[in-house]
Protein chains: 2
Amino acid sequence: MQEEGLILRKEVAKLAGVSEATVSRVMNGARPVREATRRKVLEAAERLGYVPSALAQQFARKRSGNIGVIVPYVPKVRLFSTYYFSEILSGIGEAAQQRGYDMLLMFRSPYEARDYERLYRTRKVDACVMLGSQDTPGELEALARLAEADHPFVLVNQRFDGAPFGTVEADHEQGGYEATRHLLGRGCRRIALLNGPLVYSNSADRLTGYRRALAEAGLPADPGLCYAGNYSRTSGAAAAPALAEAIAQGRVDGVFAANDRMAIGLLQGLRERGLLPGADVALIGYDDSEAARLTEPQLSSVAVPFHALGVRAAQRLLGRTADGSPADDASPVLVEKLPVQLVARASSLTYTPSV
Amino acid sequence: MQEEGLILRKEVAKLAGVSEATVSRVMNGARPVREATRRKVLEAAERLGYVPSALAQQFARKRSGNIGVIVPYVPKVRLFSTYYFSEILSGIGEAAQQRGYDMLLMFRSPYEARDYERLYRTRKVDACVMLGSQDTPGELEALARLAEADHPFVLVNQRFDGAPFGTVEADHEQGGYEATRHLLGRGCRRIALLNGPLVYSNSADRLTGYRRALAEAGLPADPGLCYAGNYSRTSGAAAAPALAEAIAQGRVDGVFAANDRMAIGLLQGLRERGLLPGADVALIGYDDSEAARLTEPQLSSVAVPFHALGVRAAQRLLGRTADGSPADDASPVLVEKLPVQLVARASSLTYTPSV
DNA sequence: TGCGAAAATGAACGCGTGTACATCATGGGA
DNA sequence: TCCCATGATGTACACGCGTTCATTTTCGCA
């Protein structure tokens, strides 16, 4: 029983016997409208199958109703296809949908200049969530320009110390601290750190937590125990030869890998060399991705509330939902930290130091 | 050196000493514009930092420039966070970006009615890619209505036989066939199928391929060898008790799981019962996700070109890029099938039948 | 040099909505 | 009963662009 073509506000107004302005008020729930009129209009709209043009609404309101999500993208290595981003995206989408916003997904090419500002000036997005941002001079400048132009955005899991950018992150220093404490608790005394690039603040945070735990335990922070990866499984495997030797020689008895992918790469590399995490060394990863449950032995890890990070990021940008408490959406702390949780599994639990 | 506020076309026109229409033509690359004029306008636009309002453009053109991507979403089980969807999304995003389109990501709640049509009528999207669609009466009807209203969409990895919907899928029948053939080639004669729900056409396709391979080998298709899962790891683990018994009793010597997650769940469940795929039974999964390389033994699988599926889906909706061959974007076959590829690993390769 | 056709440009308008302002109806208090 | 405040509705216009059509300019050719 649908009419052909597009139904305009004008036709609804005619059928309902009111003016277009009244139709507009009813559709938007604007204040002064008599209940009887309201019903008349709604019925007419229903009968005709009228749906306001989102395009015209956006134009008139000067708001797109879109929240942009910037995702890092490297053509060959599809970084995007990771647990990490998927979970955050779900969270953002959930929060955005509740507020009537749509999610515009955009890939950030590392090659071309990042013209974030253009997104706002063309009005394609009203606000942005930045994922996988790196602490580089170029990025800092681009973000500073955004902030200066008063374009709302929030960084997830990336902090720019000294720059007043809104951030929602997990408490990665605490995560690094607890992971290291856990290994210490298992009896480890020579704990290696397989970290990611320090352009990510979360890498630096984990390092800080790691050092703090060692210091508290009265252990030296040997720079020789820090290995550099890039968060890929391959880079974890690449660290295996050196670490295998260190373990065999008793120079390392525990390893904290800064994410699960590297931990798993390392696990596989060690096994190829006859060393089994959980027996010959204690190993703990980070992120508590699905993969942590797939390995043999299962991988200890630090759970990061990715979904919640996405929800919070969107909430901060869009304000809380109508029925939510309106308390802290104004301007909470600039940098918000969500707690992480250690998840102990066999890769560290079954290890007992030889000494 | 940026101007304050928004710069309008009018100001560019004034600075360049031309009319607004000419500015519009230059910005859109419309045909009759003298080169000198063109440069003048571009220079003026550059100086003022003029950027056309995407909102106004969309409104005037009656096109949003957005390609919608419908993703299934179940609040608790975040189906979305899988290799599968991430890869396809990357592909769609890549193709869309090349054509100047943006990606609008939308979650389909299984609870609320699927009002796809509204997306088009509000002009939020110009076209849609449907992921994880199910062959149910409600879905069929919703899609039929879209097709009737001439709203462009493409299904990925889901075919509605008998309905004239555009589809881009992998050749899952061939995949099921080759997976089964591979197990046969390893000497298996009693091959079980751990399949997913048949509301997904790809489940049905794999079943067909499985049966064809068995028939070609002169083996009966024993319905008792078909186990029902739901593509989750849990459901794979749930099949472990029954399959372990069947394997122990010699009633099963090979298992084809319809995706990697179930295969891995099964692998873990079997190991808990003292049975090791690769030694006591041959196992092959499907999708060739990253996880297939994480297990011990590593999991044989069938690689699906998820990224390419996404690219093709977007290409069919948006037409080929300017420099691409314009041949087949008009109306290729309605259902397009991309080839899959078998990837043999230890879970099937190291198995040798006892008899 | 002149002329006509084609190319280049300008003027004007429509797109469908939100909204400020004007107008009208309603109702309570004197 | 009258008046005014208030609530309800209608009128008119702006939003910034694309685009049609009229107008002007350019240029090839006689």
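Computed from heavy atoms alone, side chains included, the values below leave out hydrogens, waters and symmetry copies. Convention: sequence-line order gives letters A, B, ...; per-chain numbering from 1.
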Q) Side chain of A:Asp126, backbone of A:Ser64: donor and acceptor closer than 3.5 Å? A)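 Checking the backbone N and O of A:Ser64 against the side chain of A:Asp126, a donor-acceptor pair under 3.5 Å is found.
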Q) Are B:Phe59 and D:dC17 stacked, counting the six-membered base ring, centres under 5.5 Å, planes under 30°? A)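 Per 5.5 Å and 30° rule: no stacking.
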Separation of [N] [atom2] from [X] [atom1] (nearest whole Å):
X	N	atom1	atom2	answer
B:Lys14	C:dT9	NZ	P	20 Å
A:Leu55	C:dG14	CG	C1'	15 Å
A:Arg61	C:dT17	CZ	P	11 Å
A:Arg123	D:dC17	CZ	P	11 Å
B:Lys10	D:dG18	NZ	C1'	17 Å
B:Glu35	C:dA7	CD	C1'	15 Å

From C-beta outward on [X], which listed nucleotide comes closest to its side chain: [options]?
X	options	answer
B:Lys62	C:dT9, C:dT19, C:dC15	C:dC15
B:Ala56	D:dG16, D:dG10, C:dG18	D:dG16
B:Gln57	C:dG18, C:dG16, D:dC17	D:dC17
B:Ala60	D:dG18, C:dG18, C:dG16	D:dG18

Distances for protein N/O vs nucleotides 4-8 of chain D N/O pairs under 3.5 angstrom?
none

Can you find a side chain N or O atom of [X] that sits less than 4.0 Å from OP1 or OP2 on [N]?
X	N	answer
B:Ser53	D:dC17	no
B:Tyr50	D:dG16	no
B:Ser19	C:dA11	no
B:Gln58	D:dC17	no
A:Thr22	D:dG10	yes

Q: Would you mind telling me which residue lines up with the more 5' stretch of DNA chain C, A:Val51 or B:Val18, judged by nearest nucleotide?
A: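 It is B:Val18 whose nearest nucleotide is closer to the 5' end.
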**Q.** Sole residue of B:Arg108, B:Glu139, B:Arg159, B:Gln158 in side chain to side chain donor-acceptor pair (under 3.5 Å) with B:Ser133
**A.**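 Exactly one candidate clears the test, B:Glu139.
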Q.
Ignoring hydrogens, what is the shortest heavy-atom contact between A:Arg99 and A:Leu318? Give both atom names and the distance.
A.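 Nearest pair, atom of A:Arg99 first, then A:Leu318: CD-CB, 3.5 Å.
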Q. Are there more than 12 heavy atoms of other residues, nucleotides or ligands under 6.0 Å from atom CD of A:Glu35?
A.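 Yes, CD of A:Glu35 has more than 12 neighbouring heavy atoms, counting only those of other groups under 6.0 Å.
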Q) Are more than 12 heavy atoms from other residues, nucleotides or ligands located less than 6.0 Å from atom NZ of A:Lys40? A)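 Atom NZ in A:Lys40 is crowded, with more than 12 foreign heavy atoms closer than 6.0 Å.
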**Q.** Stepwise side chain to side chain contact (heavy atoms under 4.5 Å, CB included) check, B:Met130 with B:Phe165
**A.** CA-CA 11 Å; B:Met130 310 282 183; B:Phe165 303 154; over 6 Å; no
Q.
Under 4.0 Å, counting only non-hydrogen atoms across every strand here, what does B:Glu20 touch: a base, just sugar-phosphate, or nothing?
A.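 Nothing: the residue B:Glu20, judged by heavy atoms under 4.0 Å, touches no strand.
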Q: Spell out yes or no: do the side chain of B:Arg25 and the base of C:dG10 have one donor N/O and one acceptor N/O closer than 3.5 Å?
A: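 Side chain to base: pair present.
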(Q) Between the base of C:dG18 and the side chain of A:Arg9, is one N or O donor paired with an acceptor at under 3.5 angstrom? (A)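 Yes, a donor-acceptor pair under 3.5 Å.
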Q) Under the salt bridge (charged side-chain N to carboxylate O under 4.0 Å, His left out) criterion, do B:Arg145 and B:Glu141 qualify, and how do the steps go? A) CA-CA 6 Å; B:Arg145 201 177 358 247; B:Glu141 186 194 324; 3.7 Å; yes
Q) Out of A:Val156, A:Val69, A:Val311, which one pairs with A:Ile88 under the side chain to side chain contact (heavy atoms under 4.5 Å, CB included) rule? A)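 Running side chain to side chain contact (heavy atoms under 4.5 Å, CB included) over A:Val156, A:Val69, A:Val311 with A:Ile88 returns exactly one hit, A:Val156.
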